[in-house]
Amino acid sequence: LTHGAGGRATAQLLDTLFKPAFANEWLAQGNDQALFSVPPGRLVMSTDAHVVAPLFFPGGDIGSLAVHGTINDVAMSGARPLHLAASFILEEGLPLADLARIVASLAQAARDAGVAVVTGDTKVVERGKGDGVFITTTGIGVVPDGLLISGDQARPGDAILINGTLGDHGIAILSQRAHLGFETVLQSDSAALHGLVADMIAAVPEIHCLRDPTRGGLATTLNELAHQSGVGMRIHEAAIPLQPAVIAACELLGLDPLYSANEGKLVAICPAAQAETLLATMRRHPLGTQAAIIGEVVADPLHFVQLRTRFGGERLLDWLTGEQLPRIC
Amino acid sequence: MNGERLRVRGLVQGVGFRPTVWRLAQELGLCGDVRNDGEGVLIRLQAATSETLDQFCTRLQAECPPLARIDAIERAPLTEPLHATSFTISASDHSAIHTGIVADAATCPACLAEIRDPRNRRYRYAFTNCTHCGPRLSIINSLPYDRAGTSMAAFPMCAQCQAEYRDPADRRFHAQPNACPACGPQLWLADASGQRLDSAHWGAVDALAAASQRLAAGQILAIKGIGSFHLVCDAGNAAAVATLRQRKQREAKPLALMARDLDVIRRWAHLSEREAACLRSPAAPIVLLQRRTDADAESLAPALAPGQSTLGLMLPSSPLHHLLLADWERPLVMTSANRSNEPPCTDNADALRRLTGIADLWLLHDRDISNRVDDSVWRDLDGAPRPLRRARGDAPAPLPLPSGFATSPPLLALGGELKNTVCLLRDGAAILSQHLGDLDDAPTARAYRDTLARYAQLFEHRPTMLAVDAHPDYHSSQFGRTWAARDGLRLIEVQHHHAHLASVLADNDWPLDGGAVLGVIFDGLGWGADGTFWGGEWLLGDYRQVERVAHLRPAALLGGAQAIREPWRNLLARLEDAGGWAHWCDCYSDVAVIQQLAAHPLTAPLRQLLAHGLNAPLSSSAGRLFDAVAAALGISAERLQYEGQAAIELEALATLAGEINAADGYPLALAQAVDPVVLDPAPLWAPLFTDLQCGATRSAIAARFHRGLIRAVIQTSTQLATRYAVKTIVLSGGVWQNRLMLEGVAAGLRQAGWQVLMHRRVPANDGGLALGQACVAAAAAVS
Ligand SMILES: [Fe+3]
Ligand SMILES: [Mg+2]
Ligand SMILES: [Zn+2]
Ligand SMILES: [Zn+2]
């Protein structure tokens, strides 16, 4: 891929690579915008810039990730995702074959999710000014009237559920980056969750919060929700689903799976009375077979998220800035 | 007639000061009055001659009551005549409380005599106290310091206690926790499930005697003391100690011991005059004592302090403990009552809930613990007792600040992450809180917030500035940043080792404008100004600023915090750095630790991790160097069981070796062409592994490592101090709790002509960090 060949090269790229991959009626309109009518309900919109190294990882690549990430953000409002927009920033020197693979993967992920990429853009930047590919996707969706799913709705007594094992994406990526060996058994959990969400809402419309624990992991997401709702949270280490390979890799890496990224997980908070119904619904869906009730919302003016450890201790899961820096003196 | 107004400053309230003044005035025939006020104690006197007034002042200093501390007596002539015909104690003025809350104090001889006297109404009464002893911080809820503001509020005094309380000639005059069996708190026994036992079941004169019998039978008791709960068992009963360890999930961390008197202690530990004095001080701390190797090995359980050459011993600090230990010819284990990594319990219900399954029997009482205060820990190092943990008996006595800080605005320093204490600054004094614990533990983090609120109220303190550690993620730092942003307070982020340096300066009354010193800060780990982790630093500077002029050569922490828990990771990183892992495998394949590392399933992936720089942050930590050497000797080979274990056991091993010639120390290399200068430990590995290969004893190797590091630190410090023309070298950071290091380095530096300053009243570890943070912030505020 070369930079500076002007509009003609980019146009060629669009015609040969992107348009065939995404082919749909809105793109076929041939305009600089997609025109569509909207079903009844409230619209939600979300955007996400996707950056990942390596671009290809076990269980996915930046293309599929860019679809799942944004669809999930839309879905966490309870919405049915309608359409996606995608824009690509490509670094000069990126092998065309890699680009083709990424675009195909993105298109396939969108098709699998039943959500069309209706508009997009592409820019090529000089070598050294990008990390291969950056993809920004924007999604819109529609929330049925009557649903109120929001980060500020958690109430003391509510149950906290997760749809499966934690840390898979973050640890798979790290393992791949350093060739630690776990990549052979570990895959990213990257997946679109709107189907699961639809089942959950149908079974338990009283769900209070949904959020995907992506960067920063479960601990960060729970801290966000605790602050937004003005409550505390207690979770139980023994109840948290973890893959043995993730446990082993975290032991090696000195990382906490509760702070590691997920791309196909959601945290659900609902009234305790509906928790078992919700759990059963989640477990019936392919993306929720390992779902679990992992804790409860509590009244706490300090808004602590605390972990009851296997040994009976109460560890504070603080809101960390980023990397898991050692704090022991 | 001569009249004078005496202003007495210091720790003079709630400690029997006014009765002493009253008695002296009576004896010298002086008229006038005395009162407590916001600045301390105010005395107005009239006397026939000024000599009598001089005499009064001299005797006041000389006969100052045991818990009082006079910082200053300011004398001025009375502005108007008194016309008094007697000497009276006037009502206190609570307008502005600016005098300290004193620390809890061990039972005084007079109270002790009472509880041992069958004819006394306080015979065997566990809550006996007076103005010279007893609980203070542990029972106070609010100001003013009177009974209503303490957890004694629930116990109205009987007529006899009232009479003592009101009599200026009585040592219980205004003793707020004054109590007797008729009106005060009561003790009872409860079974393992917390069910209160009928006294008919005790089969002894009282609950304490029954508790003592059960201990002798090998049971484990949870005992509610003055400031916290303890788990107690017979230290001579190996089975009981093993059961306690197993139930508490505390495999190796040393257990504190309490012994009836110094004679009992002397049977198992070497005891100097200074150490004896420290044990017997009103603070009555745990003192780490050198264990006697000639003691009857069978007489104490082997698992009290595995791998250590010291025992942590204390004397009884309350009547309850005196009575419990009265018949014991050997020590009792007296360890804080918590499961590992949790703060000790404070209230009955909480303790019963959290300690279920640990205690066979409970000794409880009905007075609340208002502030949890753990046992303090001291160690005699380089000619003086020095605190390792400052809590019961030490906090919150104010520490006067060095000159230059008087104009500091009120500010609060929020401390570190582990071993946290907080420090508030006001009126030229620092109030350093009791040891609060590790903030990654949720109950401790809650107690931390409560303590901050409690201290703010007790000291009527409203900070205009906050000081925090520069670490991005310390709980205390995050809390401070949020607080400062919310309330618009000035926030100062203090680099960890700068705070250590300022802490030791303040601990030695180093003036604000005392000039630059060279700080050798040997520590665990702190966030450095350059985004790596520091901990083996030579810092040049003062309260205002420091420059990193030298450091230990950094090594990778393989797996971040995991490298701290697993010392062998540090060894692997060091060897990889010093010539490459393959070299060590080739040359020392017959050394057991190399074979173990080579066979370890994580060695290969960890080397991958290092090669890719994945969660392998660099650190110049001295503590991690100790860990690496300890790992080479097979100490805590897989995983540490408590913080600092590897370094402590390494020191214990080196101590066994006795005197080592300085020339026998392992070499380190000083690279001076770089700025900052780098001290590289890499050269020590070849002779160390050769020693291992030749079958040298572990203690000899540990000693040679200490000796070499001591020599290298002396050399490096001497060169730097010469280059930068400073005369004073200060030592701070957790590594200086190591006796060999502290005494060796200090002696060498003094011999070379430098003034050496080390900690005296606050810990060298992170327990003293908040004092340093506060002083750095104050320095920024006043200049
Ligand atoms: Fe430190
Ligand atoms: Mg987003
Ligand atoms: Zn007394
Ligand atoms: Zn009484």
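Sequence lines set the chain letters: A, B, ... in the order given, protein chains first and strands last, and positions in each chain run from 1. FYI, side chains are in, hydrogens and waters are out, and symmetry mates aren't considered; it's all heavy atoms of this structure.
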A:Ile328 to B:Leu418 - nearest heavy-atom pair and separation: CG2-CD1, 3.5 Å

For the student: nearest non-hydrogen atoms of B:Ala442 and A:Phe304, plus distance: O-CE1, 4.0 Å

CZ on B:Arg569 to CG on A:Leu252, rounded to 0.5 Å: 6.0 Å

Gap separating the CZ atom of B:Arg449 from the CG atom of A:Leu302, nearest 0.5 angstrom: 5.0 Å

Chain A contact via B:Ile564 - which portion, at a heavy-atom distance below 4.5 Å: side chain

Residue among B:Asp440, B:Leu602, B:Leu439 with most heavy-atom pairs under 4.5 Å to chain A: B:Asp440

Heavy-atom contact with chain B under 4.5 Å, split by part of A:Glu323: backbone

Residues of residues 474-481 of chain B contacting chain A, heavy-atom criterion under 4.5 Å, by residue number: B:Tyr474, B:His475, B:Gln478

Closest heavy-atom pair and its distance - B:Gln608, A:His179: NE2-O, 3.4 Å

Contact listing (chain A partner; residues 764-773 of chain B; heavy atom under 4.5 Å): B:Asp766

Point-to-point distance, once rounded to the nearest 0.5 Å, from CG of A:Leu320 to CG of B:Asp473: 4.5 Å

Atom of B:Pro605, atom of A:Leu180 and distance for their closest heavy-atom approach: O-CD2, 3.5 Å

Heavy-atom closest pair, residues A:Gln324 and B:Asn615: O-OD1, 4.3 Å

A:Glu314 and B:Arg354: CA distance, side-chain angles, deciding distance, side-chain contact (heavy atoms from CB on, under 4.5 Å) verdict: CA-CA 11 Å; A:Glu314 294 277 359; B:Arg354 286 165 52 195; over 6 Å; no

Any residue of residues 228-244 of chain A which, by heavy atoms, sits under 4.5 Å from chain B: none

Shortest non-hydrogen separation from B:Ala561 to A:Pro326 and the atoms involved: N-CG, 3.7 Å

Under the salt bridge (Lys or Arg N to Asp or Glu O under 4.0 Å) test, residues paired with B:Glu417 that sit two or more places apart: A:Arg327

Among the listed options A:Gly181, A:Cys329, A:Ser175, A:Cys250, the residue most often paired with chain B at heavy-atom distances under 4.5 Å: A:Cys329

More than 12 heavy atoms from other groups under 6.0 Å of CZ on A:Arg215: no

Any side-chain donor near an acceptor of the partner, B:Arg446 and A:Gln306, under 3.5 Å: yes

Inter-residue atom distance B:Leu614.CG - A:Leu174.CG, 0.5 Å rounding: 5.0 Å

